[in-house]
There are 2 protein chains.
Amino acid sequence: MSEATVRRRVTSTDVAREAGVSRATVTYVLNDTPGQTIPQSTRTRVLEAAARLGYRPNSAARTLASGRSRIVLLVLPDWPQEFSFRHFLDEASLALDESGYSLVTYTRHPGTRGRPLWEALNPDLVIGLVPFDPDDVASIRGCGVTRLFPDPDESDSADLSMAVSAGPELQVDHLIDRGHRRLVYATFKEPPPYSLVLARHRAACDRAYTRGLPPPDLERIDHQDGSTEEAIRRWRDMGITGVIAFNDIVAAVVVVAAATAGLRVPDDIAVIGHDDNQTAAMFVPQLSTIRFDPSTLGRDFANLALHKLEGRPWQNPDASTRVTLVRRRTT
Amino acid sequence: MSEATVRRRVTSTDVAREAGVSRATVTYVLNDTPGQTIPQSTRTRVLEAAARLGYRPNSAARTLASGRSRIVLLVLPDWPQEFSFRHFLDEASLALDESGYSLVTYTRHPGTRGRPLWEALNPDLVIGLVPFDPDDVASIRGCGVTRLFPDPDESDSADLSMAVSAGPELQVDHLIDRGHRRLVYATFKEPPPYSLVLARHRAACDRAYTRGLPPPDLERIDHQDGSTEEAIRRWRDMGITGVIAFNDIVAAVVVVAAATAGLRVPDDIAVIGHDDNQTAAMFVPQLSTIRFDPSTLGRDFANLALHKLEGRPWQNPDASTRVTLVRRRTT
DNA sequence: CCTGCAAACTTACGCGAGCAAGTGACCTGG
DNA sequence: CCAGGTCACTTGCTCGCGTAAGTTTGCAGG
């Protein structure tokens with residue numbers, strides 16, 4: 001407790017001296033290294049010394065020596081911050097923490113100049129919610145990261161993407177089941193469609209195809225000018241009656257514009273959102289949308305990471321049990 | 001380009017061998033170490049060798065040897081829901097990147113168990129958007145981090161908090177200027193008010209005080225049950241005519257509930273949001289709110305960080321030029 | 001009484017980079 | 001012709017930790 005003249009960081013050497021053992025013993029005790037027999041008395045002596053001095057291992061040194069940083073880097077595409085995403089991250093980082101890993105999130109969009117974060121962090125694993133482009137893969141590999149997901153060399157990309165595609169599939173199914181045959185996919189003009197938009201759109205196209213319909217066009221609307229109303233009239237003239245919205249905000253804009261254009265929702269045109277945003281239930285009319293359980297998805301994610309990191313058993317969970325339809329008043 | 005038998009990471013030793021110089025020379029060239037005289041010929045030889053081999057310095061080794069990680073950790077009280085926050089982060093990390101630092105964001109809420117991220121990252125600087133609680137300060141210091149902000153020992157907390165308080169101050173001023181004398185501050189019951197909520201509320205209270213009004217109560221509403229309407233009737237009976245909403249979503253809920261309760265907005269009750277959310281302009285009626293320029297704030301933030309890291313000059317920018325009032329139809 | 005073996009440690013090396021302190025070679029001024 | 005100073009490097013130590021390979025002690029079995 002005495003104030004040292006120079007506030008130097010406590011190292012394992014200090015702990016060793018304090019406990020009256022060698023540095024190696026300290027490491028063995030603190031890391032529970034298997035294959036070492038250490039009596040309880042020594043063990044407690046070391047642990048108490050470490051606690052007394054407030055020892056924190058230097059993560060850089062540990063990473064250098066062991067070759068592992070115990071960091072998982074989650075790369076997010078350009079991403080509107082849905083409220084539920086927080087729960088996803090909470091759950092994922094908690095589950096990873098229990099196994100000694102730290103989760104770091106990194107929002108990266110195509111235009112980014114500058115050094116990517118995986119270069120600064122030496123992560124053991126880099127996970128993208130959507131596939132990486134080839135440049136990024138090369139960059140990640142060049143930093144000595146051997147584990148990444150989705151890994152283009154392993155063709156396992158399907159695993160996590162199911163969590164992305166299940167929602168759009170439900171949207172399409174629901175609209176078809178309500179009798180709609182001609183559909184569009186709507187998103188915002190600004191910001192330009194990023195990878196998550198494209199991934200959801202592709203999933204919707206695939207689903208429409210398997211249900212025997214043509215793939216819905218990707219329509220980019222704007223909520224500033226009047227272009228949305230114009231688009232809606234165009235859709236009506238084309239016989240389109242079902243709108244798959246990228247998210248609830250897009251859905252809200254479409255619904256408002258439909259009213260302005262004199263169309264009745266859902267009779268003339270049905271709209272379904274995605275994410276079950278906080279505002280979705282408050283909107284007038286209340287939005288039909290897709291809800292997913294972020295906590296469970298977070299745990300799924302952590303399990304996948306641990307599978308990649310340590311080869312733990314893993315089976316792809318059934319996404320359909322994680323994602324559900326919420327029908328309200330716009331379909 | 002030949003496929004090595006074992007894919008080993010390229011080190012500075014490899015570069016040195018390839019360039020025909022010693023390792024020290026490589027370090028000097030790549031780091032532009034001042035005080036070293038290196039002829040252009042050698043310099044290019046080293047740089048070309050590094051490029052040819054695809055050399056990436058090992059950040060753990062560098063951190064260990066130099067004692068600096070070049071990582072800035074930004075601790076957020078809660079996952080940002082505001083769209084504009086992305087621009088803030090983009091701009092901040094870009095500006096930091098130009099000086100060789102990486103920005104890592106970390107969402108930490110009070111209940112979090114598990115190892116905090118500053119322990120795993122060895123950041124050079126930890127910045128919180130709102131003040132840290134004492135436990136966290138101790139934890140951060142215990143990890144060998146000497147620079148943190150706001151630093152309770154330096155009483156400089158005012159600098160960044162102005163970016164937080166300017167919005168609530170504008171909200172209060174606007175309502176007062178519109179003739180409202182009795183105000184409340186509204187936020188959601190779920191999730192429980194976190195530090196950003198409390199910080200904004202405190203700022204509103206301070207402003208009300210300087211304008212000669214009693215501090216507005218912090219009212220926690222719910223958008224699921226009917227409690228909001230009940231609250232609104234209560235407010236009406238108390239003579240409250242102005243509602244300061246924590247953000248635009250809260251404002252929207254209040255507006256909807258006011259309509260349900262039979263009050264006219266803004267005649268019977270005025271509501272002002274915060275953040276100029278994407279939905280704010282689309283809502284019916286369109287929400288009055290607070291807009292701020294996230295890019296400029298991001299650059300301000302980066303400058304503050306560089307000031308803390310390297311003692312660069314810094315003067316507190318005038319927050320009032322970064323934050324503006326957007327009056328629409330709810331005030 | 002000696003051998004063998006496990007328990008309970010310690011010694012010593014290496015991870016990859018930064019940096020202080022050398023070390024020749026060359027030049028310049030007196 | 002030599003002292004002194006730059007240039008252009010290299011040698012060697014260090015950061016804090018993980019871990020393989022010893023080393024000593026105690027005890028059981030033959």
Starting from [atom2] on [N], measure out to [atom1] on [X] and report it in whole angstrom.
X: A/Arg43; N: C/dA8; atom1: CZ; atom2: C1'; answer: 12 Å
X: B/Gln36; N: D/dC9; atom1: CD; atom2: P; answer: 11 Å
X: B/Asn122; N: D/dC17; atom1: CG; atom2: C1'; answer: 13 Å
X: A/Arg56; N: D/dC17; atom1: CZ; atom2: C1'; answer: 17 Å
X: A/Asp32; N: D/dG18; atom1: CG; atom2: P; answer: 12 Å
X: B/Gln40; N: D/dC9; atom1: CD; atom2: P; answer: 12 Å
X: A/Arg70; N: D/dC17; atom1: CZ; atom2: P; answer: 16 Å
X: B/Arg9; N: C/dG16; atom1: CZ; atom2: C1'; answer: 9 Å

Between [Y] and [X], is there a salt bridge with N-O shorter than 4.0 Å?
X: B/Arg43; Y: B/Asp32; result: yes
X: B/Asp14; Y: B/Arg23; result: no
X: A/Arg299; Y: A/Asp293; result: no

When you look at A/Arg147 and A/Asp124, which way does the salt bridge (Lys or Arg N to Asp or Glu O under 4.0 Å) test go after all the steps? CA-CA 7 Å; A/Arg147 284 174 248 261; A/Asp124 291 342; over 6 Å; no
When you get a sec, tell me which of [options] is the closest nucleotide to the side chain of [X]?
X: A/Asn58; options: D/dC17, D/dG18, C/dG18; result: D/dC17
X: B/Ala24; options: D/dT10, D/dC17, C/dA8; result: D/dT10
X: A/Thr37; options: D/dT11, C/dA7, C/dG16; result: C/dA7
X: B/Ala65; options: C/dA8, D/dC17, D/dC15; result: D/dC15
X: A/Leu64; options: D/dG18, D/dG16, D/dA8; result: D/dG16

Under 4.0 Å: is that the gap between some side-chain N or O of [X] and OP1 or OP2 of [N]?
X: B/Ser66; N: C/dG18; result: no
X: B/Thr42; N: D/dC9; result: yes
X: B/Thr27; N: C/dG18; result: yes
X: A/Arg62; N: D/dG18; result: yes
X: A/Thr25; N: C/dT10; result: yes

Between B/Arg70 and B/Gly100, is there a donor-acceptor pair closer than 3.5 Å when you use the side chain of the first and the backbone of the second?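 Yes: the side chain of B/Arg70 pairs with the backbone of B/Gly100.
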When you measure from the side chain of B/Thr25 to the backbone N and O of B/Val21, does any donor-acceptor pair fall under 3.5 Å?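 No; judged by distance alone, with no hydrogens or angles, the pair does not exist.
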How many angstroms lie between atom OG1 of A/Thr146 and atom CD1 of A/Ile140, to the nearest 0.5 angstrom?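 The distance works out to 11.5 Å.
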Within residues 10-18 of chain A, which residues have any heavy atom lying less than 4.0 Å from an atom of DNA chain C?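 Heavy-atom contacts with DNA chain C come from no residue of residues 10-18 of chain A; none.
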Can you tell me if [X] and [Y] form a side-chain donor-acceptor pair at under 3.5 Å?
X: B/Glu18; Y: B/Tyr55; result: no
X: B/Ser99; Y: B/Arg312; result: yes
X: A/Arg115; Y: B/Ser102; result: yes

Report the C-alpha separation of B/Asp151 and B/Arg141 in whole Å, then their side-chain angles, then the decisive distance to 0.1 Å, and conclude whether the salt bridge (Lys or Arg N to Asp or Glu O under 4.0 Å) test is met. CA-CA 11 Å; B/Asp151 187 335; B/Arg141 288 251 166 74; 3.0 Å; yes
Any donor-acceptor pair, under 3.5 Å, between the side chain of B/Arg23 and the base of C/dG18, if you only look at N and O atoms?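 When only heavy-atom distances are counted, B/Arg23 does reach the base of C/dG18 through a donor-acceptor pair under 3.5 Å.
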Could one point to a donor on the side chain of A/Tyr28 or the base of D/dA20 with an acceptor on the other under 3.5 Å away?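 Indeed, a donor on one side and an acceptor on the other fall under 3.5 Å apart.
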Terminal axes of the helix from C/dC1-D/dG30 to C/dG30-D/dC1 (five pairs each): angle between them, nearest 10 degrees: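 Comparing the axis at each end, I get an angle of 60°.
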If you look at every strand shown and take non-hydrogen atoms under 4.0 Å, does B/Val26 touch a base, only sugar-phosphate, or nothing?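 If one applies the 4.0 Å heavy-atom cut-off, B/Val26 turns out to touch nothing in the nucleic acid.
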